[in-house]
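Numbers here are sequence positions counted from 1. Whatever order the structure lists ligands and atoms in, that order sets their numbers, starting from 1.
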Amino acid sequence: MKLWGGRFTKPTNKLVDEYTASISFDQKLAAFDVQGSLAHVDMLAKCDIISHEDSTTIAKGLKVVAKKISNGEAELTQENEDIHMNIEKLLIDEVGAVGGKLHTGRSRNDQVALDMRLYLRDALVTITQLLDELQHALYQQATANLDTVLPGYTHLQRAQPVLFAHHMLAYVFMFQRDMERIIDSWKRVNRSPLGAGALAGTSFPIDRHYVADQLGFDSVIENSLDAVSDRDFVVEFLADAALITTHLSRLSEELVQWSSAEFNFIELDDAFCTGSSMMPQKKNPDVPELVRGKTGRVVGHLMGMLTTLKGLPLAYNKDMQEDKEGMFDTVETLKGALALFAPMIESMEVKKDNMYEAVVKDYSNATDLADYLVGKNMPFREAHAVVGETVLYSIEQQKYLLDLSLAEFQQFSNAIEADIYDVLAPKAVVNARNVAGGTAKNRVEEQLKQADALFASNQAWISKKAALLEELAIEN
Ligand code: ARG
């Protein structure tokens, strides 16, 4: 007999059981469901809604059930539909009819909203930890490459030389925004829906604030209808994840390009590459390629969730069961990518000489020649034209700017003097960008210090939240 079977005269059609059950995927919520139930049953006794004796029996039983589920000893069935009813059924099997008191003053609607928040809270902490590791890997490559010059690109055409440290730091700050978004989302996730019941609240004299407190929530959701209908926190997480994945995808694209023979700027460690079944010489950057590829599914989950929600009236609708697989898959996909990225970045070989060669064998110091002429009082627009002609001449002569003799330079402007060779040297070109946020070495060192401060504040948040979750874990 179903937990809700009383009103029915016929068994459920098998296909309906199969179609509506969520147990195949929501069993991921088991530990969180038990955590929520323990707090709920404790509150029921505290508020004299059930006896302390019953509460203790139920709590003990719940812990046994949790253990059996995690050991794989418990049988989770489709007939019991979802993780909530499976656990309740297992509890009743364990402790007898008294287990049926657990669901007093509660509905699966507030229960599932609670479980999703508890699950996500956990995921947010793990993701910030992984983001932090990735930021540190990028940071470490930056500190190791404070003197490594490579072409910076616009339109994927060599534009102006930059330090490789500067390039790595661009990603550090990009992932910092992701970190801040995740941290900020915590305050919207960490609110308790428990006590909303099915939709309207409950007639029992429960204490919503007490359970919320027991579960480490910052506050209770103000409105019971909103509490059971809201999946904005899922959408928000998926959006944050989509952006993180997009950032990883952009970095992936650079790694793929840089490790091609055409660029030859880096070599990914063998441990992070794979071979070809047919071409013995191949070493493929499969990891960044696959991370780039998986962006599609994460962005897809965001679109899917928004679409699921868009036509839903208040309050709970079964459609909302569709919130789970996309969110679980996003968490797993993101964890997988981030866990690989940090060691892959850390272990990659940076081919400094090839990067330097690409700077020297190019015209990416042309802006500096123009800026030099501006320094000699020539209007920038005029200087731009003069240098354009100089570059054209050099291309025709199969020379780079630094190969031109002073006499050749002076064909284009008499203002050019012998000091031009120092001005156009790669390091000088880089160090000339001595503006806050620029690529000059001292400015890049400044950015490292700024990153240090951000890391310290990230770390303070992460350790505080990790400690909170540890303290709340079921074992305690
Ligand atoms: N498995 C359901 C879900 O994930 C739990 C809530 C079901 N509530 C209900 N009234 N049928 O959404």
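One option in F25, W4, Y316 has a heavy atom closer to atom 12 (O) of ligand 1 than any other, and that option is Y316.
Residue contacts with ligand 1 leave out E81, since none of its heavy atoms falls under 4.0 Å from the ligand.
A cation-pi arrangement is present between R121 and F217, with the terminal nitrogen or guanidinium carbon under 6.0 Å from the aromatic centre and inside a 45° cone about the axis. Within the cation-pi definition used here (under 6.0 Å to the ring centroid, within 45° of the axis), K46 qualifies as a partner of Y210.
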>> Between E236 and R181, does the salt bridge (charged side-chain N to carboxylate O under 4.0 Å, His left out) criterion hold? Intermediate values first, please.
In response: CA-CA 9 Å; E236 186 175 354; R181 265 186 286 273; over 6 Å; no
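Proximity of K324 to ligand 1, defined as any heavy-atom pair under 4.0 Å, is confined to the side chain (atoms from C-beta onward).
In summary, the atoms of ligand 1 found under 4.0 Å from a heavy atom of H84, numbered by their order in the structure, are 5 (C).
When each of D218, L118, L120 is tested with N190 by the rule side chain to side chain contact (heavy atoms under 4.5 Å, CB included), just one qualifies, namely D218. Tested against T295, the residues T333, T245, L248, I244 include a single side chain to side chain contact (heavy atoms under 4.5 Å, CB included) partner, T245.
Taking the six-membered ring for Trp and thresholds of 30 and 60 degrees, H247 and F175 have ring planes more than 60 degrees apart, a perpendicular arrangement.
At least one N or O atom of S22, backbone or side chain, sits closer than 3.5 Å to an N or O atom of ligand 1. Taking any N or O of D82, backbone or side chain, at least one lies under 3.5 Å from an N or O belonging to ligand 1. By the 3.5 Å distance cut-off applied to N or O atoms, N109 is counted among the residues near ligand 1.
The protein heavy atom nearest to atom 11 (N) of ligand 1 is R108 NH2, 3.4 Å. Protein heavy atom closest to atom 2 (C) of ligand 1, with residue, atom name and distance, is Q321 OE1, 3.3 Å.
For the atom pair CG of L255 and CZ of F272, the computed distance is 12.0 Å after rounding to the nearest 0.5 Å.
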